[in-house]
Amino acid sequence: MTSMSDAQWREFVMTGTRTAKLAVTRADGRPHVTPIWFVLDGDDVVLTTHATSAKARALRREPRAALCVDDQQPPYSYVMIEGTAAMSDDLDDLRRWATVIGGRYMGPDRAEEFGARNGVPGELLVRLQITNVVSRSDVADS
């Protein structure tokens with residue numbers, strides 16, 4: 001098992017359509033983990049969520065979160081990211097990023113469709129500012 005460089009983990013998390021599993025803390029202290037679509041923007045993980053979702057409610061109360069992106073094929077690799085979330089309901093920014101995210105996961109021919117679907121009032125843009133990264137590759141080769 002080896003640690004990835006900054007460039008390697010960034011490439012890993014942005015390869016193909018890997019989803020992340022986002023972990024937040026509910027009001028009663030229980031963990032809540034959800035698969036998400038996302039992209040990187042510099043030192044931010046960018047995602048969208050509905051304003052009334054468990055993710056949004058948890059992040060309003062406690063903005064610290066973690067996510068994990070993994071490769072489920074041998075020799076197995078993963079990246080765990082910790083960060084602090086900021087949320088915005090600015091519709092222009094939301095629509096722009098919802099389109100970018102939609103293009104990543106549904107392909108460029110459907111990017112606008114998913115931007116229009118997810119970049120609407122009631123949705124939020126979430127920027128998770130990265131504070132810590134743990135990345136390992138070739139886990140099964142050790």
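In this chain, numbering begins with 1 at the start of the sequence shown.
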Check whether [X] reaches the backbone of [Y] with its side chain - one donor and one acceptor, N or O, closer than 3.5 Å.
X: Tyr105; Y: Ala111; answer: no
X: Arg57; Y: Thr52; answer: yes
X: Arg110; Y: Gly102; answer: no
X: Arg18; Y: Phe12; answer: yes

Run the salt-bridge test on Arg10 and Asp43 with the 4.0 Å N-O cut-off and return the result as yes or no. yes
Are Asp28 and Arg26 ion-paired here, with the side-chain N under 4.0 Å from a carboxylate O? no
With a 6.0 Å cut-off (strictly less than), is the heavy-atom count around CD of Glu113, excluding the residue itself, greater than 12? yes
Check ring-ring contact (aromatic ring centres under 6.0 Å, His included) between Phe114 and all other residues, then give those that pass, not counting sequence neighbours. Trp37
Taking the side chain as every heavy atom from C-beta outward, state whether [X] and [Y] have any atom pair closer than 4.5 Å.
X: Met80; Y: Lys21; result: no
X: Leu40; Y: Val46; result: no
X: Thr84; Y: Thr131; result: yes
X: Asp93; Y: Arg96; result: yes

Distance from [X] atom [atom1] to [Y] atom [atom2], nearest 0.5 Å?
X: Thr99; Y: Arg117; atom1: OG1; atom2: CZ; result: 12.0 Å
X: Thr19; Y: Ile36; atom1: OG1; atom2: CD1; result: 8.5 Å
X: Leu125; Y: Leu91; atom1: CG; atom2: CG; result: 10.5 Å
X: His50; Y: Leu124; atom1: NE2; atom2: CG; result: 8.0 Å

Steps toward side chain to side chain contact (heavy atoms under 4.5 Å, CB included) verdict (Asp89, Leu94): CA-CA 7 Å; Asp89 61 1; Leu94 175 63; over 6 Å; no
For Lys55, run the side-chain contact (heavy atoms from CB on, under 4.5 Å) check against Val126, Thr49, Thr48 and tell me which one passes. Thr49
Is there a path from [X] to [Y] through hydrophobic residues (I, L, V, M, F, W, Y) whose side chains come within less than 4.5 Å of each other?
X: Ile101; Y: Met14; result: yes
X: Val33; Y: Val134; result: no
X: Ile81; Y: Val39; result: yes
X: Val79; Y: Val139; result: no
X: Met87; Y: Leu47; result: yes

I need the minimum non-hydrogen distance between Met4 and Ser137, along with the two atoms involved. CE-CB, 3.9 Å
Closest heavy-atom pair and its distance - Gly119, Ala98: N-CB, 3.9 Å
Among side-chain atoms of Ser77 and Arg136, is any donor-acceptor pair under 3.5 angstrom? no
Verify side chain to side chain contact (heavy atoms under 4.5 Å, CB included) between Val100 and Arg104, making sure each step is shown before the conclusion. CA-CA 6 Å; Val100 170; Arg104 175 182 181 187; 6.0 Å; no
Please list all pairs meeting ring-ring contact (aromatic ring centres under 6.0 Å, His included) that have one or both residues in residues 69-102, counting only residues at least two apart or in different chains. none
Scan the side chains in residues 64-72 for donor-acceptor partners under 3.5 Å anywhere in the protein, sequence neighbours excluded, and list what turns up.
from: Arg64; atom 1: NE; to: Glu62; atom 2: OE2; distance (Å): 2.8
from: Arg64; atom 1: NH2; to: Glu62; atom 2: OE1; distance (Å): 3.1
from: Asp71; atom 1: OD1; to: Gln73; atom 2: N; distance (Å): 3.1

